[in-house]
Amino acid sequence: MAKPTFQKPKGTADLLPEQTAQWQHIESIARLLFGDYNFREIRTPLFENFDVFSRSAGDTSDVVTKEMYDFHDKGNRHIALRPEGTAGVVRAYVENKLYGPEFDKPYKAFYIGPMFRYERPQAGRFRQFHQIGVEAFGATAPALDVEIIAMAVDFFQTLGLKNLKVAINTLGDQASREAYRKALIAYLKPHFDELSPDSQARLEKNPLRVLDSKDPRDQVFVEDAPSILDFLSDDSSQHWQTVQELLTALDITFEVDSTMVRGLDYYNDTIFEIMTVDDSLKGAATIAGGGRYSGLVAEFGGPETPGVGFGIGVERLISLLAAQGVAPVKDDGLDFYVVNIGTSTNVVATQIVQAIRSFGYVAERDYLGRSAKSQFKSADRHHSRYVVTVGETELANHVANIKNMATGMQQTVKLADLYTDLPTIIDSQGDEAQ
RNA sequence: GCGGUAGUGGUGAAGUGGUUAACACACUGGUUUGUGGAUCCAGCAUGCGAGGGUUCGAUCCCCUUCUACCGCCCCA
């Protein structure tokens with residue numbers, strides 16, 4: 001019988017230390033940069049009442065109907081792992097009454113963490129994936145839309161990404177959207193039989209989806225389809241114009257994509273995506289998506305409050321960084337490796353390595369009683385800058401050898417000096433090397 | 001949810017229905033009774049994703065299942 005084997009759940013990933021350095025780098029830049037924009041971190045549960053998501057996303061959306069990672073807990077509560085960040089943040093916003101007068105508006109928050117969707121894993125998509133997202137509540141100003149877009153662009157540029165495209169569109173307000181929806185259905189209906197089966201289904205459910213169909217049968221009609229821009233109310237039109245003016249004022253190049261839509265029902269007015277232009281990610285080219293929404297806060301029992309935000313896919317971001325050859329942050333390696341020869345040196349080796357660490361250096365030793373040569377090989381593999389050697393003779397004389405691995409120079413020092421004065425010893429050795 | 005491809009050691013991989021599953025890298029030890037990136041030597045898969053079946057015999061044939069990858073839906 002084979003031993004039972006365990007595999008990580010489908011669509012999940014282990015992030016090993018080689019990778020977490022990169023993740024931490026990205027996260028720390030996000031925290032720093034978003035902080036500059038006066039966004040502060042919010043942490044909400046990874047799971048919520050199922051209704052939190054079904055209510056917010058709209059019952060017909062794919063996220064609710066087939067992608068929700070949900071289950072009943074021991075108290076028979078219907079629980080869902082969060083498929084996206086906004087709903088939980090809105091729920092927290094309302095539950096903690098963050099709309100209250102003591103809080104400045106807009107209320108700005110960002111989150112970093114895992115999201116879950118029950119779907120087939122493939123390029124750039126997982127069952128557990130990670131998003132860095134932001135939300136800002138309580139202001140309808142187009143300047144806020146633009147600030148958020150600018151912040152996302154700023155973030156990607158800081159990380160060193162190139163070949164990015166900012167695509168924007170507007171969905172208008174409720175009235176604009178409804179009028180457009182009717183017009184679109186009226187336009188497509190006569191061609192119903194010529195549409196792809198997918199789009200035939202979409203026509204009733206969500207006609208806007210037909211617009212971004214990849215099927216050539218549909219794209220023929222999309223070209224001449226009515227544009228949402230012709231159905232905007234005065235307010236939405238004004239908002240849309242201002243967004244573009246402000247983006248231009250900030251020298252952020254953008255592209256209006258009138259076929260862009262959103263998977264979730266609560267968006268209105270500005271929506272945007274940031275995607276890579278080079279085809280290294282193909283199906284997963286979009287690394288950030290966001291937009292303005294309304295009605296959500298009210299839906300959760302708060303006062304009618306507008307919101308705007310975005311979510312960044314961290315896995316996609318990382319694979320894009322890799323594809324563009326943006327160097328991942330590397331571990332710096334060891335400062336010291338303590339080579340100990342002979343079992344009698346075990347105690348002093350432990351004391352030395354601890355003493356080195358107490359000075360703030362990164363230090364490692366051998367625990368396996370290996371040969372001096374092997375230990376030096378390990379030191380080399382760790383790119384250790386120095387090696388401290390203790391054997392029987394050094395132990396007897398209360399000394400140790402310190403070798404500079406770059407220069408090959410080695411000096412013998414008293415253990416007492418090493419314990420109290422290591423940084424000075426190293427400095428002087430550095431001088432000798434030059 | 002639908003369709004397609006694949007699954008051999010730590011890694012990259014070769015291989016065949018039948019005694020010891022190539023080769024390379026990595027690793028470990030030795031060559032140097034205690035000093036690194038070189039050379040040479042040696043060691044390193046009781047097993048070929050898992051579970052069944054066919055067969056005298058299967059890593060290689062069949063079925064199921066799991067997982068990964070790609071496309072669709074959708075999305076980060």
Side-chain angles (χ1 to χ4, degrees), chain A residues 1-13 57 60-68 82-86 113-133 152 196-199 201-202 205-206 209 212-215 260-264 273-276 281-290 310-320 337-342 345 366 368-395 400-410:
Chain A
M1 273 301 283
K3 280 186 228 167
T5 58
F6 294 98
Q7 294 176 302
K8 59 186 175 296
K10 191 185 186 74
T12 62
T60 62
S61 71
D62 271 37
V63 169
V64 171
T65 55
K66 66 174 197 182
E67 293 175 1
M68 201 81 92
R82 62 183 187 190
E84 50 91 28
T86 302
M115 307 292 164
F116 306 85
R117 291 184 195 175
Y118 193 89
E119 59 180 346
R120 280 285 280 276
Q122 58 181 274
R125 86 177 15 175
F126 307 88
R127 288 191 172 180
Q128 175 176 336
F129 62 103
H130 298 75
Q131 284 191 344
I132 299 175
S196 71
D198 280 333
S199 286
R202 283 189 277 239
K205 242 171 69 179
N206 191 349
R209 282 240 155 268
D212 70 349
S213 169
K214 289 164 200 153
D215 196 305
M260 185 164 72
V261 297
R262 275 285 95 102
L264 303 172
E273 291 181 2
I274 300 177
M275 56 199 83
T276 174
L281 259 64
K282 289 184 285 193
T286 301
I287 54 177
F310 66 69
I312 294 169
V314 180
E315 281 81 0
R316 291 185 180 184
L317 172 58
I318 284 177
S319 55
L320 185 57
Y337 190 95
V338 178
V339 169
N340 53 105
I341 302 145
T345 60
D366 175 79
L368 305 177
R370 294 143 73 220
S371 68
K373 181 189 177 73
S374 295
Q375 294 189 48
F376 265 86
K377 282 189 175 177
S378 287
D380 215 41
R381 193 160 47 227
H382 288 298
H383 302 111
S384 189
R385 291 161 54 214
Y386 298 95
V387 168
V388 174
T389 312
V390 270
E392 315 281 348
T393 46
E394 288 84 358
L395 183 58
N401 300 315
I402 300 178
K403 180 170 183 177
N404 181 322
M405 294 297 274
T407 64
M409 293 176 65
Q410 178 167 293

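Note that these values count all heavy atoms, side chains included, but never hydrogens, waters or copies made by symmetry. What you see is a predicted model, and the numbers here were worked out from it, not measured in a lab.
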Participant: By nearest atom, which of the nucleotides B/G30, B/A76, B/G71 is closest to the A/S371 side chain?
Facilitator: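 Of the options given, the side chain of A/S371 lies nearest B/G30.
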Participant: A/F126 has an atom CZ; how far is it from atom P of B/C74, in whole Å?
Facilitator: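 Rounded to the whole Å, the gap is 20 Å.
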Participant: Just verifying a value: how many Å separate A/K8 NZ and A/Q128 CD, rounded to the nearest 0.5 Å?
Facilitator: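 If I round to the nearest 0.5 Å, the distance is 12.0 Å.
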Participant: On a whole-Å scale, what distance lies between the C1' atoms belonging to B/U67 and B/G51?
Facilitator: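 Per the computed distance, 15 Å lies between those C1' atoms.
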Participant: Tell me, do A/Y337 and A/M405 make a side-chain contact under 4.5 Å, heavy atoms counted?
Facilitator: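 When only atoms from C-beta onward are counted, A/M405 and A/Y337 do not touch, as no gap falls below 4.5 Å.
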Participant: Please work out if A/E315 contacts a base, only the sugar-phosphate, or nothing of the nucleic acid, heavy-atom cut-off 4.0 Å.
Facilitator: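 Nothing, no nucleic acid heavy atom in range.
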Participant: Figure out the CG/P separation between A/N404 and B/U35, and round it to whole Å.
Facilitator: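 About 19 Å, once rounded to whole Å.
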Participant: Quick one: is B/G71 close enough that its OP1 or OP2 comes under 4.0 Å of any side-chain N or O from A/R120?
Facilitator: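 No, because none of the side-chain N or O atoms of A/R120 sits under 4.0 Å from OP1 or OP2 of B/G71.
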Participant: Is there a side-chain contact between A/R370 and the phosphate of B/U28, meaning an N or O under 4.0 Å from OP1 or OP2?
Facilitator: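 For B/U28, OP1 or OP2 has a side-chain N or O of A/R370 closer than 4.0 Å.
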Participant: Check this one for me: any side-chain N or O of A/Q122 less than 4.0 Å away from OP1 or OP2 of B/G71?
Facilitator: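 So the side chain of A/Q122 is within the cut-off, an N or O lying under 4.0 Å from OP1 or OP2 of B/G71.
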Participant: Taking the nucleotide of RNA chain B with the nearest heavy atom to each, does A/P121 or A/V387 sit closer to the 5' end?
Facilitator: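 Its nearest nucleotide being more 5', the pick is A/V387.
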Participant: Take atom CZ of A/F376 and atom C1' of B/G37, then tell me their distance rounded to the nearest Å.
Facilitator: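 One finds 13 Å between C1' of B/G37 and CZ of A/F376, rounded.
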Participant: Work out how far the P atom of B/U65 is from that of B/C2, and round it to whole angstrom.
Facilitator: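 One P to the other, the span is 12 Å.
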Participant: What pair of heavy atoms forms the shortest contact from A/Y386 to A/I402, and how long is it?
Facilitator: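 Here A/Y386 and A/I402 meet closest at CD2-CG2, 4.2 Å.
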Participant: Rounded to the nearest Å, what distance is computed from the CE atom of residue A/M260 to the P atom of nucleotide B/A76?
Facilitator: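 Answer to the nearest Å: 11 Å.
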Participant: Would you classify A/G133 as touching base, sugar-phosphate or nothing, given that sugar-phosphate means primed atoms plus P, OP1 and OP2, and contacts are heavy atoms under 4.0 Å?
Facilitator: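 It contacts nothing in the nucleic acid.
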Participant: Would you say A/R381 reaches B/U28's phosphate, i.e. side-chain N/O to OP1/OP2 under 4.0 Å?
Facilitator: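 Yes, because at least one side-chain N or O of A/R381 sits under 4.0 Å from OP1 or OP2 of B/U28.
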Participant: Can you figure out which of B/C74, B/G36, B/A68 approaches the side chain of A/K10 most closely?
Facilitator: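 Looking only at side-chain atoms, A/K10 lies closest to B/A68.
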Participant: Rounded off to whole Å, could you give me the CD-to-P distance for the A/Q7 and B/G51 pair?
Facilitator: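 From A/Q7 CD to B/G51 P: 12 Å.
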Participant: Under 4.0 Å between a side-chain N/O of A/S374 and OP1 or OP2 of B/G29, yes or no?
Facilitator: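 So the side chain of A/S374 is within the cut-off, an N or O lying under 4.0 Å from OP1 or OP2 of B/G29.
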Participant: Closer than 4.0 Å, any side-chain N/O of A/K373 to the OP1 or OP2 of B/G37?
Facilitator: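 Answer is yes, contact under 4.0 Å.
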Participant: Quick one: CE on A/M115 to CD on A/E84, what's the gap to the nearest 0.5 Å?
Facilitator: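 Rounded to the nearest 0.5 Å, the CE-CD separation comes to 7.5 Å.
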Participant: Tell me, do A/Q375 and A/N340 make a side-chain contact under 4.5 Å, heavy atoms counted?
Facilitator: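 In short, these two side chains touch, coming nearer than 4.5 Å.
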Participant: Rounded to the nearest Å, what distance is computed from the CD atom of residue A/E67 to the P atom of nucleotide B/C2?
Facilitator: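 Checked: the CD to P distance equals 15 Å.
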Participant: Just how far, in rounded Å, is C1' of B/U35 from NE2 of A/H382?
Facilitator: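 Between C1' of B/U35 and NE2 of A/H382: 16 Å.
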Participant: Given B/G34, is OP1 or OP2 found less than 4.0 Å from the side-chain N or O atoms of A/T389?
Facilitator: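 For B/G34, OP1/OP2 do not have a side-chain N/O of A/T389 under 4.0 Å.
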Participant: Go nucleotide by nucleotide along RNA chain B from the 5' end; which of A/D198 and A/A288 gets its closest nucleotide reached first?
Facilitator: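 Upstream on the strand: A/D198.
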Participant: Given A/Y118 and A/M68, is the side chain to side chain contact (heavy atoms under 4.5 Å, CB included) satisfied, shown in steps?
Facilitator: CA-CA 6 Å; A/Y118 193 89; A/M68 201 81 92; over 6 Å; no
Participant: Check if the side chain of A/Q410 and the base of B/G36 share a donor-acceptor pair of N or O atoms closer than 3.5 Å.
Facilitator: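 Absent.
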Participant: Rounded to whole Å, please give me the gap between NZ in A/K8 and C1' in B/A68.
Facilitator: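 Atom NZ in A/K8 sits about 8 Å away from atom C1' in B/A68.
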Participant: Does the side chain of A/K377 get closer than 4.0 angstrom to OP1 or OP2 of B/G36 through an N or O atom?
Facilitator: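 Checking A/K377 against B/G36: no side-chain N or O falls below 4.0 Å of OP1 or OP2.
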